2 protein chains.
Amino acid sequence: MSKASDIAYETIKSLIFRNEIRPGQQLKEEDLAIKCGVSRTPVRDALVRLEADFLVEKRDNQRSFVADPSCDDIDDLFALRAMLEGHAAARAAERMTPALVSDLRNCLKIIERDQSVSVFLDHNAKFHQIILLAAGSKRLVSMLERLISQAVVHHTANAYSPEQISKSIAEHRELTDAIEHGDADWARAVITGHIRRAFHVYSQRVRTLGVSLDETAA
Amino acid sequence: MSKASDIAYETIKSLIFRNEIRPGQQLKEEDLAIKCGVSRTPVRDALVRLEADFLVEKRDNQRSFVADPSCDDIDDLFALRAMLEGHAAARAAERMTPALVSDLRNCLKIIERDQSVSVFLDHNAKFHQIILLAAGSKRLVSMLERLISQAVVHHTANAYSPEQISKSIAEHRELTDAIEHGDADWARAVITGHIRRAFHVYSQRVRTLGVSLDETAA
DNA sequence: AAAGACAATTTTGTATACAATTTTCTTGAA
DNA sequence: TTCAAGAAAATTGTATACAAAATTGTCTTT
C-alpha cells in the first residue's frame with residue numbers, strides 16, 4: 001500500500017467517511033491531488049475505483065460528486081447485503097471445516113471478553129470477513145466488499161447501543177453454531193435476520209434524530 | 001462513446017470476447033494502446049474497469065492478464081447470476097406496471113416472429129435488461145451487468161440449439177405472466193430455473209466437446 | 001431587465017517523458 | 001552444469017504539459 005494510487009483511494013475514502021467532504025459535494029481532481037499529496041493521475045485511478053464502490057458518482061457533465069444515497073437506496077443496499085451475506089453464510093456452512101469454526105470461535109471469544117465498542121466493530125468486521133472467505137467465491141467477495149464499504153454501513157455500526165451489541169454477539173454465536181452443524185439454511189436465516197436488524201437500528205436512529213447520520217457525524 | 005477511454009474499454013473487451021487475446025495471456029499497456037489507437041493513459045483506465053468486470057486480473061507483480069475462469073468459478077458465476085436475477089425478477093414483479101408488461105410482450109413478439117439466432121440473442125439481452133431496470137436498484141444493475149459481461153456468459157448463448165431457444169422463449173413468456181400477476185415468488189422461480197438451464201446447456205456442451213468453448217471459438 | 005453571443009476561467013481528458021519496478025539476459029564462480 | 005549476481009531490457013507507475021470540454025461571467029442587443 002505504498003503506491004500513490006492506493007494512498008489516494010484510502011485518503012479520499014477516509015475523507016468521505018469522516019464527513020470532511022459531504023454527500024453531494026463536487027470532487028475536483030486538482031484539490032484531491034493536493035490533499036492526498038500525489039498528482040492527478042493516481043487520483044483519477046482512485047476515483048474510478050470509488051465509483052465502482054458507489055461512493056462517488058460521475059455525472060453526465062463528467063464531474064464527480066460524493067454519492068448521496070436516498071432512503072430507497074439505503075433500503076436497497078441492506079436488502080442486497082442480506083441476500084449476498086445469506087448466500088455467503090450458506091456456502092460457508094456447506095464448506096465447514098474445524099479450522100473455520102475455531103477461527104470464528106476465537107473471534108467471538110475476543111468480542112465477548114472485552115465488550116468495548118471499538119473491539120466489537122473490529123472483530124465484527126473480521127467475523128464477517130472469515131465467513132466471506134470461507135464461502136470461496138471471489139466474485140461474492142468483491143461484490144460484498146463494495147456494498148460494505150458504503151458510508152451508511154460504516155455509520156450504522158456507531159449507532160449500536162450496549163444492549164444491541166450483546167444481541168448482535170448472540171447472533172454471531174448462533175451463526176457459528178449453524179455453520180458448525182453445516183446447516184446452510186439455518187446459517188442463511190440467522191445472518192439475514194442479523195442484517196435486517198442492523199437496518200432497523202439504523203432507520204430507527206435516523207427517524208429519532210430526524211436527520212441523516214451524515215450530518216450528526218460531522 | 002467518443003472518448004479514448006471508452007474506445008479502449010470496448011476494444012479490449014471485444015478482443016477478449018473474440019478470443020483474439022486468450023485467457024491467461026498477458027496484457028501489455030503499450031501493445032493495447034497501439035491496438036486501440038490511443039495512448040496508455042486511457043488504456044489504464046479501461047484496465048481498471050475490466051478488472052472490476054472480472055475480465056482482467058492484475059497479479060501481485062502488477063502485470064495484467066486475461067482472466068481464465070476455472071470450472072468452480074463458472075459454477076459460482078451461474079449461482080450468483082441465478083440469485084441476483086431472481087431478486088431482480090421478484091422486485092420487477094412487485095413493481096409491476098402495465099407499461100412494463102407491454103414492453104416485455106413487445107420484446108417477446110419480435111423474438112417469436114423472427115426466430116433467428118441473432119435476433120434471439122439481441123432481444124434476450126433486451127428482455128433481461130427491461131426486467132433489471134424495472135427492479136429499480138442501481139447497485140443490482142451494476143453487479144449483474146458485471147456478471148453478465150463475463151466471457152463465459154457471452155459464449156453460452158451461442159451454444160443454444162433451436163429446440164433450446166424455443167424452450168427459452170417459453171420461459172420468457174411464463175416470466176412475463178408471472179410479472180403481470182405481480183407474483184414475485186413465481187417470477188423468481190421461473191428465472192432461477194432459466195439460468196440454471198443455461199448453465200447446464202453450457203456445461204453439457206463443454207463435456208461433449210471435451211474442450212473449453214474458448215478454444216472452439218478461436 | 002432578459003436573452004443570446006462570446007470571451008475568460010475552471011475542470012477534465014489525453015499524450016508523453018521520466019522514474020520505479022519487474023523480468024530477462026549475461027557472465028562468472030563453485 | 002548450476003547457481004548467483006548484476007547488467008540490460010521490458011513494463012508499469014507517476015508527474016506534468018497541453019488539448020478538449022464545460023462552466024461562468026460579461027457585454028451587447030432588444
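Predicted model, so just to flag it, every value in this text is computed and none were measured.
- For the contact set between residues 39-64 of chain A and DNA chain D, defined by any heavy atom under 4.0 Å, the members are A:S39, A:T41, A:P42, A:N61, A:R63.
- Between B:E29 and the choices B:R63, B:K58, B:R40, the salt bridge (Lys or Arg N to Asp or Glu O under 4.0 Å) rule is met once, by B:R40.
- What separates NZ of B:K28 from C1' of C:dT24 is a distance of 11 Å, to the nearest Å.
- The separation between B:K3 atom NZ and D:dA22 atom P is 10 Å, rounded to whole Å.
- Rounded to an integer number of Å, the gap from CD of A:E29 to P of D:dT16 is 15 Å.
- Ion pairing between A:R49 and A:D6 holds under the 4.0 Å rule for side-chain N and carboxylate O.
- Centroid-to-centroid, the aromatic rings of A:H194 and A:H128 come within less than 6.0 Å.
- Counting to the nearest Å, the P atom of C:dT11 and the CZ atom of A:F65 are 11 Å from each other.
- Here the C1' atom of nucleotide D:dT12 and the CG atom of A:D6 are 14 Å apart, to the nearest Å.
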Inset, instruction - Please report the C-alpha distance between B:I148 and B:E85 in whole Å, then the side-chain angles of each, then the deciding distance to 0.1 Å, and finally whether the side chain to side chain contact (heavy atoms under 4.5 Å, CB included) criterion is met. - result: CA-CA 10 Å; B:I148 291 169; B:E85 294 232 29; 3.8 Å; yes
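- Looking at heavy-atom distances under 4.0 Å, A:L27 makes contact with sugar-phosphate atoms alone, never a base.
- Nucleotide C:dT12 holds its P atom 9 Å from the CD atom of A:E30, rounded to whole Å.
- The CD1 atom of B:I7 sits 14 Å away from the P atom of C:dG13 (whole-angstrom rounding).
- At a threshold of 4.0 Å, the pair A:K138-B:D73 counts as salt-bridged, since one of the basic side-chain nitrogens sits closer than that to a carboxylate oxygen.
- Whole-Å rounding puts the A:I34 CD1 to D:dT14 C1' distance at 16 Å.
- Heavy atoms from other residues, nucleotides or ligands lying under 6.0 Å from NZ of A:K109 number 12 at most.
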